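Structure first, commentary second.
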Amino acid sequence: MPDQPRPPRTAAVIPAAGRGVRLGPGTPKALRTLNGTPILVHAVRAMAASRSVSLVVVVAPPEGAPEVKRLLDAHTLPERTEYLVVPGGETRQESVRLGLDALPEGVDIVLVHDAARPLVPVETVDAVIEAVREGAPAVVPALPLADTVKEVGPAEDGGPEPVVATPVRSRLRAVQTPQGFDHATLARAHRTVTGEVTDDASMVEQLGPGVVVVPGHEEAFKVTRPLDLVLAEAVLARRRANDGF
Ligand code: C5P
């Protein structure tokens with residue numbers, strides 16, 4: 001009998017090594033709790049909620065891997081998914097690369113998901129995976145902007161920053177995670193692209209065209225500032241209320 005082609009294997013890498021200084025002093029952001037559960041555990045569950053994801057690699061603060069491992073062991077996670085914890089690096093980019101280095105052979109699709117986006121719905125995760133399966137080398141979930149964006153130049157002599165440009169808002173998108181990748185393409189981008197980047201897809205953009213957008217979700221916002229914690233608790237309360245009916 002001829003071999004059946006195996007379905008693509010999908011893994012998620014969750015960089016969680018940031019200090020989260022914008023949230024104020026205290027515990028690293030990923031370990032702060034929402035409704036009594038660490039933000040990181042919410043993010044891991046959000047990835048494992050997709051039936052396509054069979055492995056989740058969490059990139060912990062450099063000295064914090066044993067603590068993060070204990071934390072995951074202490075929370076209920078879907079059993080069909082494997083979990084790995086590796087120590088991270090100085091920058092987000094380095095942390096993602098260390099997560100990629102930990103992936104076993106045979107992973108075809110990689111999601112990279114910020115620990116700081118604990119509430120992304122599974123429909124968004126699956127839409128990203130589906131677009132990679134259909135052939136895009138990189139896929140980003142994104143939303144149109146409510147605010148107009150200005151580009152500014154450096155302020156002179158303590159004066160106000162001068163505005164230098166106003167990009168056309170209808171062509172701009174605010175990009176979220178998980179971002180999805182053909183594994184080989186993302187690994188190549190991490191080997192060859194240097195310079196500061198704030199997301200992984202921009203590294204693949206530097207290799208060539210083909211990066212595409214799928215609709216993002218308002219609940220996939222990044223918990224960055226104190227008010228975001230209030231919003232995240234409200235989203236969880238709404239979910240609980242809806243589940244009750
Ligand atoms: O700083 P920013 O909000 O862009 O961080 C996005 C994600 O990258 C967070 O989940 C953070 O924990 C992670 N990160 C990391 N290693 C770093 C810096 C940030 O894993 N050195």
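Heads up: numbering here begins at 1 and tracks the sequence. In listed order, ligands and their atoms are each counted from 1. As the structure is a computational prediction, the values presented were derived from the model and not from experiment.
Atoms of ligand 1 lying under 4.0 Å from at least one heavy atom of Glu90, given by number and element, are 21 (N). Close contacts between ligand 1 and Ala115 involve ligand atoms 10 (O) [criterion: under 4.0 Å to a heavy atom]. Atoms of ligand 1 found under 4.0 Å from any heavy atom of Thr91, numbered from 1 in the order shown, are 16 (N), 17 (C), 21 (N).
With respect to atom 20 (O) of ligand 1, the closest heavy atom belonging to the protein is Ala17 N, 2.8 Å. Closest protein heavy atom to atom 2 (P) of ligand 1: Lys222 NZ, 3.7 Å. If you check which protein heavy atom lies closest to atom 6 (C) of ligand 1, you get Asp114 OD1, 3.6 Å. Nearest protein neighbour of atom 19 (C) of ligand 1, counting heavy atoms only, is Gly18 CA, 3.6 Å. Closest protein heavy atom to atom 16 (N) of ligand 1: Ser95 OG, 2.7 Å. Summary of contacts: the protein heavy atom closest to atom 1 (O) of ligand 1 is Arg22 NH2, 3.7 Å. Here the heavy atom of the protein found nearest to atom 13 (C) of ligand 1 is Pro15 O, 3.5 Å. With respect to atom 8 (O) of ligand 1, the closest heavy atom belonging to the protein is Arg92 CG, 3.4 Å.
The environment of CZ in Arg171 is sparse: at most 12 heavy-atom neighbours from other residues, nucleotides or ligands sit within 6.0 Å.
In this structure, the side chains of Leu55 and Arg9 come closer than 4.5 Å at one or more pairs of heavy atoms. The shortest distance between side-chain heavy atoms of Arg239 and Leu119 falls below 4.5 Å. A 4.5 Å side-chain heavy-atom check between Val68 and Pro61 finds at least one atom pair inside the cut-off. At a threshold of 4.5 Å between non-hydrogen side-chain atoms, the residues Asp228 and Phe221 count as touching.
Among the atoms of Val59, none of the N or O lies under 3.5 angstrom from an N or O of ligand 1.
Contact analysis puts Ala116 in contact with ligand 1, with a non-hydrogen atom separation below 4.0 angstrom. Within the structure, the closest approach of Arg117 to ligand 1 does not fall below 4.0 Å when heavy atoms are considered. Ligand 1 lies within reach of Gly89, whose nearest heavy atom is under 4.0 Å from it.
Residue pairs meeting the side chain to side chain donor-acceptor pair (under 3.5 Å) criterion with at least one partner in residues 106-127, sequence neighbours excluded, are Arg6-Asp108, Ser50-Asp126, Arg92-Asp114, His113-Thr177, Asp114-Arg117.
When the side-chain hydrogen bond (donor to acceptor under 3.5 Å, both in side chains) test is applied to Arg173, no partner is found at least two apart in sequence or on another chain.
Checking each of Val132, Val139, Leu111, Val204 against Phe181 for a side-chain contact (heavy atoms from CB on, under 4.5 Å) leaves exactly one that passes, namely Val204. Here the options are Val58, Val57, Asp101, the test is side-chain contact (heavy atoms from CB on, under 4.5 Å), and the partner is Val86; only Val57 passes.
Residue Glu94 does not touch ligand 1, judged by heavy-atom distances below 4.0 Å.
To the nearest 0.5 Å, atom CG of residue Leu84 and atom NZ of residue Lys69 are 9.0 Å apart.
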